[in-house]
Amino acid sequence: MQFAITREVSPAIARCELTHLARAPIELTRAREQHAAYVALLRDRGRTVIELPADPEAPDSVFVEDAAVVVDELAVITRPGAASRRRELAPIAHVLGRFRATLARIEAPGTLDGGDVLRFGREVLVGRTPRTNDAGVAQLRAALAPHGYTVRAVEVRGCLHLKTAVTAVGPRALLINPAWIDRRALGVSPEVELLEVDPSEPFAANTLRLDELVVVPRAFEKTRARLVARGLRCADLPADELAKAEGGLTCCSLLFTA
Ligand code: CIR
């Protein structure tokens, strides 16, 4: 079965961490409506959704992706780079413990945000960002390498996470914002197709791939048109309210099979 862990938007979302964006008022009701549409799409696409209740003490807890890296063989509970986010881990670890016999953990001094981890087949790219350090990358490698994954650090500049700058839109295709990530630094094999966002839509690189469907934030029509022209099946979702908290589409779920 295919599962998705999500978490309701915290009433404290206005106190979220921000790195590259100026603080703008976030409408809680609107954020919750958009999040509900996201959860509904996951259900439509056959995911069994495990929705955790909101945590009023954890402003960013809707962004569950950052708390864990889940592969078929095990789950790795992260240690987020922002100390305010570490209380988010326990409930996620509790749920994942029902599905994976092994839960590895990133330990101090390591830091790692799940948003910095892009799995592409057996290749795992990890963004080196203010949230993810070398010790975090090394610990993730130690946890995944015995299962046949290659873990490689990638430099990212100008955005929060690796997946703000690049996501997979097909089994051999990545969508990138070349302003935030260097094509060559990605180091993927030459047969991997690299598509680019429309330059007027820098945040469009964070798409959510559900089977063959590529979900794009509704505001990014031009990038979506590029993907459609390339023959990809696309859908959109309203995502602008949580985007003010520097969150994208991948951030709001942890997807895995069991
Ligand atoms: C943060 O700065 O941690 C949150 N405001 C946004 C996290 C977004 N998560 C993600 O990109 N995976």
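As the structure is a computational prediction, the values presented were derived from the model and not from experiment. This chain uses plain numbering: 1 for the first residue, then up along the sequence. For the numbers below, each heavy atom of this structure counts, side chains included, while hydrogens, waters and symmetry mates do not. Counting starts at 1 for both ligands and their atoms, following the listed order.
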Protein heavy atom at shortest distance from atom 12 (N) of ligand 1: Glu65 OE1, 2.7 Å
Leu160 heavy atom under 4.0 Å from ligand 1: yes
Distance from atom 4 (C) of ligand 1 to nearest protein heavy atom, with residue and atom: Asp60 OD1, 3.1 Å
Lys/Arg-Asp/Glu bridge criterion (N-O < 4.0 Å) met for Lys222, Glu201: no
Any Arg131 heavy atom less than 4.0 Å from ligand 1: yes
Glu221 and Arg224 ion-paired at < 4.0 Å: no
Top protein contact for atom 6 (C) of ligand 1, by heavy-atom distance: Ala245 O, 3.3 Å
Any Asp66 heavy atom less than 4.0 Å from ligand 1: yes
Check: His161 N/O within less than 3.5 Å of ligand 1 N/O: yes
Short N or O distance, Glu17 and ligand 1, threshold 3.5 Å exclusive: yes
Charged N-O contact under 4.0 Å between Glu65 and Lys163: yes
Carboxylate-amine/guanidinium contact Glu123 Arg152, below 4.0 Å: yes
